[in-house]
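Worksheet: the structure to be examined is printed underneath.
Both backbone and side-chain heavy atoms feed into the values below; hydrogens, waters and symmetry mates do not.
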Amino acid sequence: MTLAETPNYKNSSNPFLTLNYESALESLGDDYYDEVAAAEFPQHLLRWRNDALLPRLGLDPQLVKDEDFITAFGKFQGRKPLLALRYHGYQFGEYNGQLGDGRGFLYGQVRANDGELYDFGTKGSGRTPYSRGGDGMLTLKGGVREVLAAEALHYLGVRTSRCLSMIETGLPLWRGDEPSPTRSAVMVRMSSSHIRFGTFERLHYFQRPDLTKKLLDHVIEQYYPHLSAEQDKYALFYAELVKRVAELAAQWMAAGFCHAVLNTDNMSISGESFDYGPYAFIPSYNPYFIAAYFDYSGRYCYGNQPSICQLNLQMLQEPLKAIIDKGEMEAALVRFGEYYEAEYTSLMLKKLGFEDLLHPEADELLNLTIEFLKESQVGYHQFFYEMARTFSSKWRDEPGFVMNSSDIVPVPGASGIFDDWCILYHQILNDLECDHIDVIAETLTVNNPQTVLLRPVIESIWESIAQEDNWQPFYELIKVIQSRR
C-alpha cells in the first residue's frame, strides 16, 4: 500500500499523520526490509512527549494533543507500510546473520525544517521476522533509560538520536531472573538514519554488490548530498564517514559516556549515536570501565571505544570494496586518529574553560588533567563541575588559589601531578588577556553541568516510578538536563 492509499491519511486531523512523509527507503524496494504489523496493546499511557523536537517538524507543541501521540505512536493508526529493516552485524567480534529489526520498524521518514531527512523508528512495537523467539517488546525501564540517555547526550553536544515519544503499554513482561513481571513500553526514536554498517554487511553476505551500490547511492543522496555530484563521491563518502565516527567517539569520551554495545549493527551509516541499552556514564576516570555486565572480556569498555569504532570502519571496507577502491578506504581510515585527537582535545579544553586555546602548553594541560583524574579517582564529572563552581579571577594571582575552595582536590604537596596542573593552569591564565576571564567562566559553566546520569541517579528515578508510579522526578530531571544545569 502506498502512502497516498493509507486509510484516513489525507483527512486526518492528527498532525503526525499530515506530516510530509517521504518514501525514500521504501522506494529502494523490498530487498532491504519486510512489511510488518504493529502489536496491539491493552493500554496506552503517554509517559514522554518530546515537545522540543516538534518545532523542527513544523509543529506547534501547544496544538499537538497527547491523544495525537497515542494514536500515531501507540496505536499506530493511519500509517502504512511499517518496515522492519534487514541487517546483519558483528557482535562482540562474531558475525551474526540472524539479525534485523526484531522489536521495531521504520514508522516513516520526514523532511524537517532544517532540510534534513529524519527517520521515525520504533522500539518495543512487537514481533517481526527477526525477533528470533523474542516477544518484540521493550521494558518500561529500558524506555526510561533511553529517553534520559538521548536527552543527556544531546545537551552534552553528542550527535545522537532522540526519543520523540514513550508510551506505557500495559503488557507484563518477564525478563531474566526477575521473579515478577515488569512493565512495558513502546518508544519512537527520531534519528538521521536507521541504516547501519550491518545493513551493508548483510548484502555482502548474500553477494549482492548491485544492491550494495544501490544502497550506497541512496545513502550519499540523502545523508551526504554535498558529495552527490563529485566524480569520486564513493571514496569521499567513506572518508567523511571516518571523520564523523572519529568525532562521535571523541564526543562520547569527553562526555564520560560508555555506549557498552558497539557491534556493527549499532553503528549508523550517518555517523550518529543511537540505540542505548546497558550504557553508563563513568563515575571516575577509568579506561577499563565496563558498562554491560555481559561484556566479560571488556571489549567495549570506556577506553576501547575509539579503537572499536576504527575497527568497525575497517570491517565495513569488506562490503564496500565492491564499490570503493580498498586502497582509498585504507588511506582514509589512517586519518581516524588525527580526527579523533583534534575533536577530543577541543572538547576537553572546553571542559577546562578554553575555547580555541592556542597556548603551546594546551596539550600538556590536558595530559596533566587526565593523569590527575586517573591517579586521584575523584569524580570525573564532579571535578569539572567544581572547576566551574569555584572558578575565580584570583586564580591568576598564584597557583595555590586554583580550586582551593573545593574539597575534592588534594592539599598542596599531596599530589605532584595536581600541583603541576595548578601551576600550569595559573600560567595559562596569566598569558591570556584579562577580558578572557569572564569567557573562561562562561565556558566552564556551559560545558560542565552539575547533573550527570550516573547509575544511582537513574536507579533513583526508576525506583520512584516502579514503587510509587511517581513520574515527577523523571520530568524534573529532564528539565534540569535540558537547562544544562
- prompt: Where do L57 and N113 land on the side chain to side chain contact (heavy atoms under 4.5 Å, CB included) test, with the steps shown first?
  reply: CA-CA 6 Å; L57 300 171; N113 288 346; over 6 Å; no
Between [X] and [Y], is there a side-chain N and carboxylate O pair less than 4.0 Å apart?
X    : Y    : answer
E116 : R111 : no
R47  : D469 : yes
E371 : K374 : no

Close side-chain approach of [X] and [Y], heavy atoms under 4.5 Å:
X    : Y    : result
V144 : I465 : yes
L429 : I440 : yes
I220 : P225 : no
E151 : Y155 : yes
R189 : H194 : yes
L477 : V457 : yes
T169 : M137 : no

- request: Would you mind telling me which of F384, W421, F383 makes a ring-ring contact (aromatic ring centres under 6.0 Å, His included) with F372?
  value: F383
Is it the case that the side chain of [X] and the backbone of [Y] share a donor-acceptor pair, with hydrogens and angles ignored and the cut-off at 3.5 Å?
X    : Y    : answer
T71  : D68  : no
R244 : G271 : no
R49  : V64  : yes
T369 : L365 : yes
R196 : N266 : no
S483 : V480 : yes

Hydrogens and angles aside, do [X] and [Y] bring a side-chain donor and acceptor to less than 3.5 Å of each other?
X    : Y    : result
S406 : T390 : no
Y380 : N286 : no
S192 : S270 : yes
S284 : Q377 : yes
E240 : H226 : yes
E375 : S415 : yes
S165 : W48  : no
N448 : K351 : yes

task: Check step by step if ring pair (Phe, Tyr, Trp, His ring centres under 6.0 Å) holds for Y107 and F73.
output: CA-CA 9 Å; Y107 174 91; F73 304 137; 5.1 Å; yes
field: Contacts of Y87 that satisfy ring-ring contact (aromatic ring centres under 6.0 Å, His included) - sequence neighbours left out
entry: none
query: Taking only residues two or more places apart in sequence, or in another chain, which ones meet Y385 in a ring-ring contact (aromatic ring centres under 6.0 Å, His included)?
result: none
query: side chain to side chain contact (heavy atoms under 4.5 Å, CB included) between D265 and D275: does it pass, once the steps are laid out?
result: CA-CA 10 Å; D265 56 294; D275 204 4; 5.8 Å; no
- prompt: Where does the angle between the aromatic ring planes of F92 and F294 fall among parallel (under 30°), tilted (30 to 60°) and perpendicular (over 60°)?
  reply: perpendicular
task: Assess R145 against Y279: is NZ or CZ under 6.0 Å from the centre of the six-membered ring, and within 45 degrees of the ring's axis?
output: yes
field: Partners meeting side-chain contact (heavy atoms from CB on, under 4.5 Å) with H426 (sequence neighbours left out)
entry: P399, V402, N430
